[in-house]
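Quick notes on the structure that follows.
Residue numbers begin at 1 in each chain, while the letters A, B, ... track the order of the sequences. Computed from a prediction, not measured in an experiment: that's the story for all the values here.
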Amino acid sequence: MQVTLPDGKKLETPSGSTVLDAVKQIGPGLANAALAAKVNGVPVDLSHIVSEDVTLEVLTFRQAEGREVFWHSSTHLMAQATQELFPEIQLTIGPPIEEGFYYDFEKAEPFTTEDLEKIESRMAELVKANLSVARREVSRDEAIALFEELNEPYKLEMIEELGPEETISLYEQGDFVDLCRGPHLSATGKIKSFKLLSVAGAYWRGDEKNKMLQRIYGVSYPDRKQLKEYLGRIEEAEKRDHRKLGKQLGLFMFHPFAPASPFFFPKGATVYNILVDYVRDQYKKYGYDEVITPLIYEAGLWKISGHYDHFWEEMFTIEADEREYAPKPMNCPSHCVMFDAGHHSYRDLPVRYADFARLHRYERSGVTAGLMRVRSFCQDDAHIFCRPDQIQDEISGFMDMLSRTYTMLGFTDVHICMSTRPEQRAGTDEIWDRAEETLANALDALEIEYKVMPGEGAFYGPKVDVFVNDALRRPWQLGTCQLDFNLPEQFELEYIKEDGTSARPAMIHRAMLGSLERFLGVYIEHCAGAFPIWLAPVQVVVIGITDQQTEYISQIVARLDQAGIRVEADTRNEKIGYKIREAEVQKVPYMLVVGAREEEASQVAVRQRGSGDQGTTELDDFIRQVEDEVSEVLSPASA
RNA sequence: GCCACGAUAGCUCAGCUGGUAGAGCAAUUCAUUCGUAAUGAAUAGGUCGUCGGUUCGAGUCCGACUCGUGGCUCCA
């Protein structure tokens with residue numbers, strides 16, 4: 001038989017030989033590294049028998065699919081060890097994840113740290129025993145009988161959900177048997193290095209109405225070195241934690257009197273305001289108009305907008321004058337009220353209302369996280385009211401602003417999702433059909449790649465969300481663009497058409513950075529607290545060598561200040577090394593070191609963050625250099 | 001909200017099986033006037049998250065609460 005490899009090379013193999021036999025023909029090194037393979041594009045075990053001419057792709061730990069197999073087998077190994085130690089538990093699911101694996105067990109008592117250690121050592125024994133892993137295909141009745149006998153109700157539930165056309169396969173290693181599609185490693189001995197990381201409660205099928213299961217997370221690698229590398233990566237990522245850096249750099253704090261609501265210190269507020277200034281600048285270019293709106297509204301508004309029916313549980317509420325009020329969780333109703341206050345000709349559209357109002361959402365305790373998910377925040381929010389024929393231009397205008405900005409910020413790992421109608425929603429299916437189709441068309445026209453997330457849309461409309469990862473590679477939604485035909489309907493918004501009749505405008509909710517709080521959290525982790533010069537709360541610190549330079553330093557500070565550079569002086573009675581260290585730790589982009597020599601020559605010695613002494617220069621030249629660096633980022637020549 | 005874990009000086013943390021709290025850094029004062037990532041000494045600083053219980057005695061054990069951290073469909 002003929003086996004075709006990805007590079008087009010062809011092998012001749014005797015009939016009845018396995019995938020592994022074929023891989024051995026390619027080379028012993030590859031045969032050793034092989035974890036599984038793809039035959040005609042379908043992932044299979046190495047023991048899979050080849051009975052016709054096929055294409056073959058070997059999967060090792062280098063391929064994502066190879067790692068999946070490795071981690072999937074690792075979680076089986078963990079399940080086997082766990083079941084041996086705790087025979088009373090029941091198996092549910094155990095998939096590989098982006099980095100590692102987990103398994104959910106039903107168990108009355110949660111696992112303890114000691115339990116994890118026991119499971120780890122049992123796993124090590126099973127690795128040493130090098131049990132071979134065997135696939136067995138069975139009939140539905142056989143599978144049901146087996147898992148009934150084993151008392152595995154979750155497995156029975158899963159078998160019942162499998163379609164009649166699907167092959168039911170079991171994987172066995174020693175006394176352990178699990179329902180699994182596979183493929184798997186050929187033996188437990190390949191899992192050389194692993195670590196169980198944490199235990200967590202997790203609901204069956206992720207639904208909190210279901211029973212809570214006990215989840216164990218772990219990682220594993222073919223060798224010890226890669227595990228060490230992984231643990232090192234996690235440690236590095238923890239150093240970038242925005243909560244840690246926020247404290248170290250004096251940017252923000254939290255207090256139990258305002259749970260999950262950040263307080264920004266002057267340095268944090270400086271960064272925050274520079275971001276707002278940047279967005280305002282973009283608004284000038286892209287034709288937005290800023291408005292200022294109330295924070296607290298009577299319940300009547302929320303009844304019209306639909307928040308009362310769909311969102312009330314997640315809002316803070318206030319009783320006053322024997323009436324119900326709530327601080328706003330979103331700006332859209334405010335803007336609808338403003339749009340509705342006057343007549344609009346088709347000529348006036350689009351109307352683009354931008355608003356930096358503070359928003360409040362009652363996020364359930366347990367879901368808040370640093371700056372990433374807070375109860376008090378503001379967005380670079382705006383609502384566009386436009387004619388149906390303007391929708392596509394408006395969306396592409398926004399996406400243009402967004403992609404330029406993200407490029408400027410250095411976000412490279414960005415992914416985009418389109419979320420469609422949720423179960424709980426306002427508006428008719430007709431309206432939703434139209435909104436989803438228009439949004440998809442706009443994205444397709446821009447040739448933007450995106451993933452569809454069914455059921456994840458806002459209650460008033462479908463949305464496109466832009467995600468960026470934090471230091472631990474967890475994705476967070478920043479930008480968003482939501483098309484909405486519902487709120488204009490609810491608020492009965494109108495504009496006058498050319499022919500004098502009235503029509504309903506479409507509404508686009510959009511935010512580029514999203515919540516500024518969350519954006520800052522992600523961005524701090526992105527730059528590890530070392531803000532680029534345009535955003536640094538302190539751009540320059542002037543450091544004196546002795547107190548003889550204090551007078552000269554105050555002249556320097558005055559000139560930098562005049563040039564609009566954010567500057568601080570450090571004239572404390574400390575050694576130069578100490579003051580430099582502090583400025584480096586605070587991640588100030590530039591230090592100007594000034595001693596008797598510089599004062600004599602009316603110069604400054606420039607030190608750059610991270611790269612050390614840059615030599616002496618005239619102050620005016622330095623000021624020009626900083627100004628150039630800032631404008632280079634904010635208005636790149638290519639734009 | 002649910003599961004697990006945590007909370008000790010401004011910060012980072014130590015404090016074994018219950019016997020009345022400790023370090024480094026920061027702060028303050030003094031000395032030092034120094035050339036590119038930590039000068040030295042002295043001083044001051046804590047209702048051990050809050051409330052309650054067990055005990056002769058609680059930072060330590062138990063319970064409740066508050067706040068925080070990780071997790072709660074990347075589907076056999």
Of the nucleotides [options], which has the atom closest to the [X] side chain?
X: A:T546; options: B:C34, B:G35, B:A37; value: B:C34
X: A:R572; options: B:A27, B:A38, B:C75; value: B:A27
X: A:P256; options: B:C67, B:G35, B:C11; value: B:C67
X: A:M212; options: B:C67, B:A38, B:C3; value: B:C3
X: A:D613; options: B:U33, B:U36, B:A37; value: B:U36
X: A:Y203; options: B:C72, B:G71, B:A37; value: B:C72
X: A:Q214; options: B:A27, B:G70, B:C3; value: B:C3
X: A:R607; options: B:A26, B:U36, B:C67; value: B:U36
X: A:A369; options: B:G70, B:A37, B:G35; value: B:G70
X: A:R474; options: B:G71, B:C72, B:C3; value: B:G71

Round to the nearest Å and state the distance from [X] atom [atom1] to [N] atom [atom2].
X: A:L197; N: B:A4; atom1: CG; atom2: P; result: 19 Å
X: A:I93; N: B:C74; atom1: CD1; atom2: P; result: 9 Å
X: A:E574; N: B:U29; atom1: CD; atom2: C1'; result: 13 Å
X: A:D547; N: B:G35; atom1: CG; atom2: C1'; result: 15 Å
X: A:E106; N: B:C3; atom1: CD; atom2: P; result: 15 Å
X: A:M591; N: B:A37; atom1: CE; atom2: P; result: 10 Å
X: A:Q248; N: B:U12; atom1: CD; atom2: P; result: 9 Å
X: A:I576; N: B:A37; atom1: CD1; atom2: P; result: 9 Å

Contact class for [X] (heavy atom, under 4.0 Å): base, sugar-phosphate, or nothing?
X: A:T167; result: base
X: A:L213; result: nothing
X: A:R597; result: base
X: A:Q548; result: nothing
X: A:T368; result: sugar-phosphate
X: A:R215; result: sugar-phosphate
X: A:E313; result: nothing
X: A:A596; result: base
X: A:K247; result: sugar-phosphate
X: A:I545; result: base
X: A:G577; result: sugar-phosphate
X: A:G370; result: sugar-phosphate

In whole Å, what separates the [atom1] atom of [N] from that of [M]?
N: B:A44; M: B:A38; atom1: P; value: 29 Å
N: B:A21; M: B:G70; atom1: C1'; value: 30 Å
N: B:G22; M: B:G15; atom1: P; value: 15 Å
N: B:C25; M: B:U60; atom1: C1'; value: 27 Å
N: B:U55; M: B:U20; atom1: C1'; value: 15 Å
N: B:A58; M: B:G52; atom1: P; value: 13 Å
N: B:A23; M: B:U8; atom1: C1'; value: 13 Å

Inset, instruction - Ignoring hydrogens and angles, answer whether the base of B:G35 and the side-chain atoms of A:E598 contain a donor-acceptor pair closer than 3.5 Å. - result: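 Counting by modelled atom types and ignoring angles, a donor-acceptor contact under 3.5 Å is found here.
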
Could you tell me which nucleotide pairs with [N] by Watson-Crick or G-U wobble geometry, both distances under 3.5 Å, or answer none if nothing does?
N: B:G10; result: B:C25
N: B:U60; result: none
N: B:U55; result: none
N: B:G18; result: none
N: B:C48; result: none
N: B:C5; result: B:G68
N: B:C30; result: B:G40

Legend entry - Chi angles and distances behind the ring-ring contact (aromatic ring centres under 6.0 Å, His included) call for A:H307, A:F459: CA-CA 9 Å; A:H307 286 82; A:F459 74 83; 5.3 Å; yes

Inset, instruction - With A:E517 as reference, evaluate A:R361, A:R375, A:R373, A:R358 under the salt bridge (Lys or Arg N to Asp or Glu O under 4.0 Å) test and give the passing residue. - result: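 Testing each of A:R361, A:R375, A:R373, A:R358 against A:E517, the sole residue satisfying salt bridge (Lys or Arg N to Asp or Glu O under 4.0 Å) is A:R358.
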
Parallel, tilted or perpendicular: rings of [Y] and [X] (30°, 60°):
X: A:W312; Y: A:Y308; value: tilted
X: A:H76; Y: A:H184; value: tilted
X: A:F316; Y: A:Y362; value: perpendicular

Legend entry - Closest contact, heavy atoms only, A:G457 versus A:S419: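 It is N-CB, 3.4 Å.
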
Inset, instruction - Search all heavy atoms of A:I543 against all heavy atoms of A:K579 and return the closest pair with its distance. - result: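 Looks like CG2-CB, 3.8 Å.
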
Inset, instruction - Please check the phosphate of B:C72 (OP1 and OP2 only) for any side-chain N or O of A:Y217 closer than 4.0 Å. - result: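 It does, given that an N or O in the side chain of A:Y217 lies less than 4.0 Å from OP1 or OP2 of B:C72.
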
Inset, instruction - For A:Q214 and A:E106, test the side chains for any donor-to-acceptor distance below 3.5 angstrom and give the result as yes or no. - result: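 The answer is no; no qualifying pair exists.
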
